[in-house]
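What you see is a predicted model; the values in this text were computed from it and never measured.
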Amino acid sequence: MKVIVVYTSHCKETKLLAEDMARYAKTYAKPLNDFDFNENIDLLVIGFEEGICKKNKELENFIGNLSRQHIKNLALFNMFCFSNKQMYKIIELCQKQDLPLMRETYSCKKGIKSKPCLNDDVISGGRVYIEDMVNICRHYY
């Protein structure tokens, strides 16, 4: 089973969580720029970060280039400070693209710190999420 975890390039905390989730799923995390759109993937996990002044044009362009022909399942996780509204926009965009979006998403609130670090609850939640998504894909799809 081929699992790929990608994240938006401007998100330091999301990168840390994506790398931990990828290790837990026995794969590697990489930025959206390094993704091969012609590769066949069983589970693609996309991580992004929400913020007041952060634009996610990079993420929107990435999702616009995805194809159902190459991706069997798509899962989303995000980190936010105040509001989780962008997750709904990304879900809507995936539905418009007719991508095989899984029902479950993982959202976690991040702290407002200058140094990127994750608490144990966020890390363990990410591990449970990736393990569940892999098991669902492996046993049901």
Side-chain angles (χ1 to χ4, degrees), residues 1-37 39-141:
M1 183 168 150
K2 185 156 191 164
V3 178
I4 294 183
V5 180
V6 295
Y7 56 89
T8 51
S9 60
H10 65 274
C11 308
K12 293 177 182 170
E13 289 175 319
T14 305
K15 177 184 177 187
L16 295 174
L17 183 58
E19 288 173 344
D20 187 73
M21 291 169 73
R23 270 193 305 276
Y24 204 71
K26 296 179 177 73
T27 188
Y28 297 97
K30 54 185 165 184
L32 297 179
N33 307 355
D34 295 344
F35 183 77
D36 179 12
F37 290 98
E39 194 172 7
N40 290 325
I41 301 163
D42 294 311
L43 174 62
L44 175 63
V45 182
I46 302 173
F48 60 97
E49 185 174 314
E50 298 187 35
I52 295 172
C53 59
K54 290 196 177 6
K55 293 182 181 179
N56 265 337
K57 289 293 181 191
E58 176 189 23
L59 180 59
E60 291 173 11
N61 291 335
F62 177 80
I63 290 173
N65 290 321
L66 292 176
S67 168
R68 192 178 189 103
Q69 292 175 317
H70 299 289
I71 298 169
K72 291 183 182 174
N73 297 289
L74 178 68
L76 301 172
F77 75 92
N78 75 326
M79 300 185 82
F80 65 95
C81 283
F82 304 110
S83 171
N84 196 15
K85 290 180 184 178
Q86 194 166 13
M87 176 62 92
Y88 302 116
K89 291 178 184 176
I90 299 302
I91 289 171
E92 186 177 317
L93 182 62
C94 290
Q95 289 172 336
K96 284 181 182 177
Q97 286 291 117
D98 194 33
L99 295 171
L101 184 64
M102 299 185 81
R103 290 177 184 240
E104 298 297 323
T105 60
Y106 178 58
S107 294
C108 54
K109 189 168 185 168
K110 67 179 194 136
I112 303 173
K113 298 177 184 174
S114 59
K115 185 178 178 183
C117 63
L118 302 173
N119 68 33
D120 293 338
D121 292 337
V122 171
I123 293 171
S124 63
R127 289 177 180 174
V128 168
Y129 177 70
I130 192 84
E131 182 179 21
D132 287 348
M133 296 304 102
V134 168
N135 284 334
I136 288 169
C137 292
R138 190 172 282 146
H139 298 295
Y140 298 108
Y141 294 107

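Contacts of Asp98 classified as salt bridge (Lys or Arg N to Asp or Glu O under 4.0 Å), with partners at least two apart in sequence or in another chain: Arg68. The ring-ring contact (aromatic ring centres under 6.0 Å, His included) test applied to Phe37 returns Phe35, Phe62, not counting sequence neighbours. Looking at residues two or more places apart in sequence or on another chain, you find a side chain to side chain contact (heavy atoms under 4.5 Å, CB included) between Asp34 and Lys30, Pro31. With sequence neighbours left out, the side-chain hydrogen bond (donor to acceptor under 3.5 Å, both in side chains) criterion links Glu39 to Lys2. Partners of Tyr28 under the ring-ring contact (aromatic ring centres under 6.0 Å, His included) rule, at least two apart in sequence or in another chain, do not exist in this structure. Judged as a salt bridge (Lys or Arg N to Asp or Glu O under 4.0 Å), and not counting sequence neighbours, the contacts of Lys96 are Glu92. With sequence neighbours left out, Lys109 forms a salt bridge (Lys or Arg N to Asp or Glu O under 4.0 Å) with no residue at all. With sequence neighbours left out, the side chain to side chain contact (heavy atoms under 4.5 Å, CB included) criterion links Ala29 to Val5, Tyr7, Ala18, Glu19, Ala22.
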Solution key, residues 117-131 side-chain donor-acceptor pairs under 3.5 Å, sequence neighbours excluded:
| from | atom 1 | to | atom 2 | distance (Å) |
| --- | --- | --- | --- | --- |
| Asn119 | OD1 | Asp121 | N | 3.1 |
| Asn119 | OD1 | Val122 | N | 2.9 |
| Ser124 | OG | Asp120 | O | 3.1 |
| Ser124 | OG | Asp121 | O | 3.2 |
| Arg127 | NE | Asp20 | OD2 | 2.8 |
| Arg127 | NH2 | Asp20 | OD1 | 2.9 |
| Tyr129 | OH | Leu76 | N | 3.3 |
| Tyr129 | OH | Leu76 | O | 3.1 |
| Tyr129 | OH | Glu104 | O | 3.0 |

Next on the checklist: Pair Ile41, His70 - check side-chain contact (heavy atoms from CB on, under 4.5 Å), show working.
Outcome noted: CA-CA 6 Å; Ile41 301 163; His70 299 289; over 6 Å; no

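Judged purely by atom type and a 3.5 angstrom limit, Asn65 uses its side chain to pair as donor or acceptor with the backbone of Asn61. Of the possible polar contacts, none joining the Thr8 side chain to the Phe48 backbone as a donor-acceptor pair under 3.5 Å is found.
In this structure, Leu43 CG and Leu74 CG are separated by 8.0 Å, a value rounded to the nearest 0.5 Å. One distance of note links CD of Gln97 with CG of Leu66; it measures 7.5 Å at 0.5 Å rounding. The OG1 atom of Thr27 lies 6.5 Å from the CD1 atom of Ile4; values are rounded to the nearest 0.5 Å. Distance check: Asp132 CG to Met102 CE gives 9.0 Å after rounding to the nearest 0.5 Å. Rounding to the nearest 0.5 angstrom, the gap separating the CG atom in Leu32 from the CD atom in Glu58 is 4.5 Å.
Nearest heavy-atom pair across Pro100 and Ile71 is CG-O, 3.2 Å. Taking both residues in full, the closest heavy atoms of Gln69 and Asn40 are given as O-OD1, 3.9 Å, listed atom of the first, atom of the second, then distance. Residue Glu49 comes nearest to Gln86 through the heavy atom pair O-OE1, 4.2 Å, listed as atom of the first residue, atom of the second, then distance. Nearest heavy atom pair, residue Met87 against residue Tyr106, reads CE-O, 4.0 Å.
For the side chain to side chain contact (heavy atoms under 4.5 Å, CB included) with Phe77, the lone residue among Ile46, Val45, Thr105 that qualifies is Val45.
Counting only heavy atoms from C-beta outward, the side chains of Cys108 and Leu17 approach each other to under 4.5 Å. For the pair Met133 and Asn73, the minimum side-chain heavy-atom distance is 4.5 Å or more.
The salt bridge (charged side-chain N to carboxylate O under 4.0 Å, His left out) analysis of residues 69-87, with sequence neighbours excluded, yields the pairs Asp42-Lys72.
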